[in-house]
Amino acid sequence: MSHKLAFVGFGTVGQGLAEILLNKKDELREILNEDIQVVAISDAQKGSLYHSDGLDLERVLAVVREAGNLNKYPDSPELRRGWDSLQTIRQSNADTVIEVTFTNVHTGQPAIDHCREAFINRKNVVTTNKGPIALAYDELSSLAEKNGVQWGFEGTVMSGTPSLRMPLVSLAGNRILSIQGILNGTTNYILTKMEEGLTYDAALKQAQQNGFAEADPTSDVEGYDAMYKIIILAKVIMGVPLKPEEVVRHGIQNLTNDDILSAKKQRKRWKLIAKVVRTQHGIQASVQPETLDLDHPLASVQGVENAITYDCDLSGPVTLVGAGAGKVETGFALLIDIINLIRRCKESQVILGA
Ligand code: HSE
């Protein structure tokens, strides 16, 4: 038996997951008692492949590494090429769609349409795109439920650091009073490097070269990326819907080296803090640069690292520190969802068969 995946989008994150699936094939079979098989890949730039019995992932990764596209993957009688994302979602025999396309963070497209199409076609979705959760959570959750499928989006906040599953599972029973954190690796990296003496532009360039800045880095530096993450946390963890215009948002683009140095002289540090707080009148959410005392738990989070503190009514503050971006880390986030999804499918089969 195998669980079949279709990749829609095959950029850095998708390839990160494919490498993990290849390198951990035996371990995963042991954990899940079944194989995970990739049957389709459709990418707007790299081309597309579909084979109902599974693709050879080692060959896929080798041709993409070599030529930057899927054209040189060997032909065979049953191999199909040229399916676009929607055809792949509709016509492949995948159980689960891995939705990792380049998506416009403000419209959530094409990821929202891909999720809709997958659910209508009774396929599960695992995604790292923030748009579908930040902008269409209720609609998509109902559609998934109506069609008896699941969706996973652990990687939308803090990549493979379980910022969603940890509070949902391990802090269950608490009322979460507030959430605050450093949720964008690019800006934290820039601030760290500026403190070391680099200019803003040089630090941003390094973040882009290292591959953690968004395709359009204004999303990082102007606070949009962190804003969508706080909207996801408010909805998924606190059950509170927020619209983008309800979040106070300021980026780091106007901070100068002088600002950073004068904070340093006062034993403080600038951080881009994202927070959502329950108040007597509802909820307040913001993303903005703040100066923290050096002994503040979030002040020591440096470079691309992220951190998040959940203030809970029973367990008090709980802080999680870890990666917030990266090829392997975000690939792993997809894997956490896939493993949990397969386990839940097996549990429901057991219950149905009881
Ligand atoms: N550009 C994002 C960051 C990637 O720097 O944190 C993960 O969402």
Side-chain angles (χ1 to χ4, degrees), residues 9 11-17 98-106 108 111 126-135 152-165 179-194 198 200-234 236 244 247 249-253 255 270-275 287-289 298 301-308 320-337:
T12 308
V13 172
Q15 289 172 49
L17 172 63
I98 308 299
E99 207 295 331
V100 282
T101 55
F102 282 113
T103 279
N104 178 323
V105 73
H106 303 295
V126 170
T127 186
T128 52
N129 272 316
K130 291 171 268 289
I133 301 88
L135 305 172
F153 40 82
E154 182 64 69
T156 55
V157 183
M158 285 176 75
S159 66
T161 308
S163 60
L164 301 178
R165 197 164 263 108
I179 301 175
Q180 74 165 338
I182 295 172
L183 301 181
N184 181 268
T186 300
T187 45
N188 205 48
Y189 181 86
I190 293 173
L191 294 174
T192 302
K193 290 290 163 189
M194 284 173 77
L198 248 64
Y200 172 89
D201 288 336
L204 172 58
K205 202 165 170 202
Q206 276 192 7
Q208 286 174 304
Q209 282 162 352
N210 288 333
F212 29 79
E214 295 295 307
D216 173 5
T218 52
S219 178
D220 294 300
V221 298
E222 294 184 10
Y224 288 103
D225 176 74
M227 176 191 80
Y228 287 113
K229 288 170 179 167
I230 213 74
I231 291 174
I232 292 172
L233 288 160
V236 176
V247 181
R249 179 194 49 79
H250 299 286
I252 64 157
Q253 70 276 22
L255 280 182
W270 282 101
K271 292 289 176 195
L272 185 68
I273 301 296
K275 62 171 92 149
V287 174
Q288 53 198 353
L298 297 180
V301 177
Q302 292 287 70
V304 68
E305 199 162 56
N306 282 192
I308 189 165
L320 189 60
V321 181
K327 182 179 184 182
V328 176
E329 295 83 348
T330 315
F332 167 65
L334 294 162
L335 181 68
I336 312 178
D337 284 332

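Both ligands and their constituent atoms are indexed starting at 1 by order of listing. Please read these numbers as outputs of a predicted model, since none were measured by experiment.
- Distance CG/N184 to NZ/K271: 11.5 Å, rounded to 0.5 Å.
- Between the side chains of T161 and S163, no donor-acceptor pair is found at a separation under 3.5 Å.
- When S159, A213, G326, G185 are ranked by how near their heavy atoms come to atom 6 (O) of ligand 1, first place goes to G185.
- How far CD1 of I133 is from NZ of K130: 9.5 Å, rounded to the nearest 0.5 Å.
- Of the inter-residue distances, the one linking M194 atom CE with Y200 atom OH reads 8.0 Å to the nearest 0.5 angstrom.
- Numbered from 1 in the order shown, with element, the atoms of ligand 1 that lie under 4.0 Å from a heavy atom of G324 read 7 (C).
- The CD1 atom of I273 sits 9.5 Å away from atom CD of Q288, with the distance rounded to the nearest 0.5 Å.
- Between atom CD of residue E99 and atom CZ of residue F153 there is a gap of 13.5 Å, rounded to the nearest 0.5 Å.
- Residue N306 has no nitrogen or oxygen atom sitting less than 3.5 Å from a nitrogen or oxygen atom of ligand 1, judged on distance alone.
- Atoms of ligand 1 found under 4.0 Å from any heavy atom of D220, numbered from 1 in the order shown, are 1 (N), 2 (C), 3 (C), 5 (O).
- Here D225 has side-chain heavy atoms under 4.0 Å from ligand 1, and that is the only part of it that gets that close.
- The contact set between ligand 1 and K130, taken as ligand atoms under 4.0 Å from a residue heavy atom, comprises 8 (O).
- Using a cut-off of 4.0 Å between Lys/Arg side-chain N and Asp/Glu carboxylate O, K229 and D225 are scored as salt-bridged.
- For atom 2 (C) of ligand 1, the nearest non-hydrogen atom of the protein is E214 OE2, 3.2 Å.
- Close contacts between ligand 1 and K229 involve ligand atoms 6 (O), 7 (C), 8 (O) [criterion: under 4.0 Å to a heavy atom].
- Applying the 4.0 Å criterion to heavy atoms of F212 picks out, from ligand 1, the atoms 1 (N), 2 (C), 3 (C), 4 (C), 5 (O).
- Heavy-atom proximity to atom 5 (O) of ligand 1, evaluated over T156, V13, T186, is greatest for T186.
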